[in-house]
Amino acid sequence: MKKFLSVVAVIFSVMTFAQQGKVKRVAAVGFLNVENLWDTIRSADYIDGTKDKTNPAFHRSIPLDSIKFLEAEKYDGQWSDGLLVGKKVIRYQSGSEEFTPASGKNYNTKIYKKKLENEAKVIAELGSQYTKTAPAVVGLIEVENRQVIQDLVKEPALAKYDYGIVHYNSYDYRGIDVALIYQKRRFTVTNSFKKELKVFGEDGKREYTRDILVVTGLLDNEKVAFFMNHWPSRRGGEAASLPKRNAAAALLKQQMDSIRTVDPSTKLFAMGDFNDDPVSASLKNYLKAAASEKDLNDEKPYLNLMYPLYKKGVASLAYQDAPNLFDQIIVSKNLVLDKNPKEYSVYKAEIYAPAYLVNKEGNYKGYPFRSWNGDQFTGGYSDHFPAFVILQKEP
């Protein structure tokens, strides 16, 4: 097998550091694919359409044995928040049994606790060599429900940072979602919502995938917006599945453009697992993410911070034994072109791959040290390396 390309660790979070003799205030924003962070309980989704769609209780995860106590009606229609307003229904998902003690994985409390410990370790250490603290804002990919995020932020490695949570259940066919956690003392949420991505297979039937999570707020009193993504996979082949990622790119651009139109001063961060490289059509032609600062303009206002890393051969995962840089961060041009030293601008972006996140031996030497090898728990962390961006300004 080809040796997987990995890189060294770099930086993350909020404090001061010295750059070229000047004291700078820095903030770290990034994300981690937590590779199937499930609890051990068989569950389903309960949609209570009598609640507001922005309320996490509108669509929540429930244990299967609690269904008999809930009011629910039979529903055979499409799964979409708009169609379920006023209804109370149960939705069963295909992944509900895979991560349980009764499955082939023997996914028990001991493994779950180790999984939480591992993911918390990665998050807490992001950039600690520079900041001596944990990151300010972190996106999460492949979480089962809100409960696993609550368990995660209570881990000893993270608890002292008092992370808040933004999460909405999606209608993803496996039952996994994206989320955002943030240090409450650094970031204040002003609004959050999800945008359903509606894509269809060759048979014309809808294929249920992850939503795009949109969170606006104040990072150290500066207006920012985060867009968490986990685009449709390459299942069925890259070319055949590309239209689904093109649709995701178009939806993301629409949401980013909308916030820029309302307030051009807001600093935007789109991040996540795009299941495409920086040079793919979805990112270049549909999101129109620029490769370098010189390409930025009013028609192309977003910069892909990972493009230079991709050109250097940096990868964040191995897909079908080939290195890819699917994990990316894209920012609005005011984070790189505006030169006000009192406001945040991009210092650098990196893929985080310290030695403990890299497989040491065997056929997958050099790959991310993933949690699962088939049904066997490896004790590892993720099948993706995390990505992050460092922001800086004068204090």
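All values below were derived from every heavy atom in this structure, side-chain atoms included, with hydrogens, water molecules and symmetry-related copies excluded. Note that the numbering runs from 1 along the sequence shown for the chain.
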**Message:** If you count heavy atoms of other groups shown closer than 6.0 angstrom to CG of Asn340, is the number above 12?
**Reply:** yes
**Asked** Hey, does Tyr107 have a side-chain heavy atom less than 4.5 Å from the side chain of Trp372?
**Response** yes
**Request:** Could you tell me the separation between the CG atom of Leu391 and the CZ atom of Arg25, rounded to the nearest 0.5 Å?
**Result:** 12.0 Å
**Message:** Quiz question: by atom type and distance under 3.5 Å, do the side chains of Asn36 and Arg174 form a donor-acceptor pair?
**Reply:** yes
**Asked** At their closest point, which heavy atom of Ile41 faces which heavy atom of Pro63, and how far apart are they?
**Response** CG2-CB, 3.9 Å
**Request:** Decide whether Asp295 and Ser292 meet the rule of one side-chain donor and one side-chain acceptor closer than 3.5 Å.
**Result:** yes
**Separation of Leu84 CG from Gln78 CD (nearest 0.5 Å)** = 10.5 Å
**Request:** Output the distance between atom CZ (Phe31) and atom CG (Asp327), rounded to the nearest 0.5 Å.
**Result:** 4.5 Å
**Charged tip of Lys105 within 45° of Phe377 ring normal and under 6.0 Å** = no
**Prompt:** Could you give the distance from CG (Asn108) to NZ (Lys113), rounded to the nearest 0.5 Å?
**Reply:** 11.0 Å
**Request:** Fit a plane to each ring of Tyr356 and Tyr352, take the angle between them on a 0 to 90° scale, and name the class: parallel (under 30°), tilted (30 to 60°) or perpendicular (over 60°).
**Result:** perpendicular
**Message:** Rounded to the nearest 0.5 Å, what separates atom OG in Ser61 from atom NE2 in His167?
**Reply:** 8.5 Å
**Tyr208 six-ring centre to Arg91 NZ/CZ under 6.0 Å and within 45° of normal** = yes
**Prompt:** Could you give the distance from CZ (Arg42) to CG (Leu64), rounded to the nearest 0.5 Å?
**Reply:** 5.0 Å
**Request:** Could you check if a side-chain atom of Leu305 sits within less than 4.5 angstrom of a side-chain atom of Phe269, using non-hydrogen atoms only?
**Result:** no
**Asked** Is Glu117 salt-bridged to Lys121, cutoff N-O under 4.0 Å?
**Response** no
**Request:** Please determine which of Asp52, Ile47, Asp48 meets the side-chain contact (heavy atoms from CB on, under 4.5 Å) test together with Phe58.
**Result:** Ile47
**Request:** Determine whether Glu142 and His230 make a side-chain contact, defined as any pair of heavy atoms from C-beta on separated by less than 4.5 Å.
**Result:** yes
**Message:** Side chains of Thr109 and Thr40 only: does a donor on one sit below 3.5 Å from an acceptor on the other?
**Reply:** no
**Message:** Any non-hydrogen side-chain atom of Leu303 less than 4.5 Å from a side-chain atom of Val346?
**Reply:** no
**Asked** Ile259 and side-chain contact (heavy atoms from CB on, under 4.5 Å): which partner among Thr216, Val224, Asn191?
**Response** Thr216
**Neighbour count above 12 (heavy atom, 6.0 Å) for Glu73 CD** = yes
**Request:** Run through Tyr286, Trp231, Tyr310 and flag the one making a ring-ring contact (aromatic ring centres under 6.0 Å, His included) with Phe274.
**Result:** Trp231
**Request:** Go through the side-chain N and O atoms of Asp81 and Tyr171 and say whether any donor and acceptor fall under 3.5 Å apart.
**Result:** yes
**Ring-face cation of Arg235 near Tyr173 (centre distance under 6.0 Å, axis angle within 45°)** = yes
**Request:** Could you check if a side-chain atom of Ser371 sits within less than 4.5 angstrom of a side-chain atom of Asn118, using non-hydrogen atoms only?
**Result:** no
**Message:** Going by side chain to side chain donor-acceptor pair (under 3.5 Å), name the residues that satisfy it together with Ser170, two or more places apart in sequence or in a different chain.
**Reply:** Asp177
**Prompt:** Hey, are the side chains of Ile67 and Tyr92 touching, using non-hydrogen atoms and a 4.5 Å cut-off?
**Reply:** yes
**Asked** Do the non-hydrogen side-chain atoms of Leu287 and Met256 ever get within less than 4.5 Å of each other?
**Response** yes
Taking distance alone, no hydrogens or angles, what donor-acceptor pairs closer than 3.5 Å link side-chain atoms of residues 151-160 to residues at least two apart or in another chain?
residue, atom, partner, partner atom, Å
Asp151, OD1, Gln147, NE2, 2.9
Asp151, OD2, Tyr112, OH, 2.7

**Request:** For residues Phe187 and Phe226, establish whether the separation of their ring centroids is below 6.0 Å.
**Result:** yes
**Asked** Under 4.5 Å between any side-chain heavy atoms of Val29 and Ile329, yes or no?
**Response** no
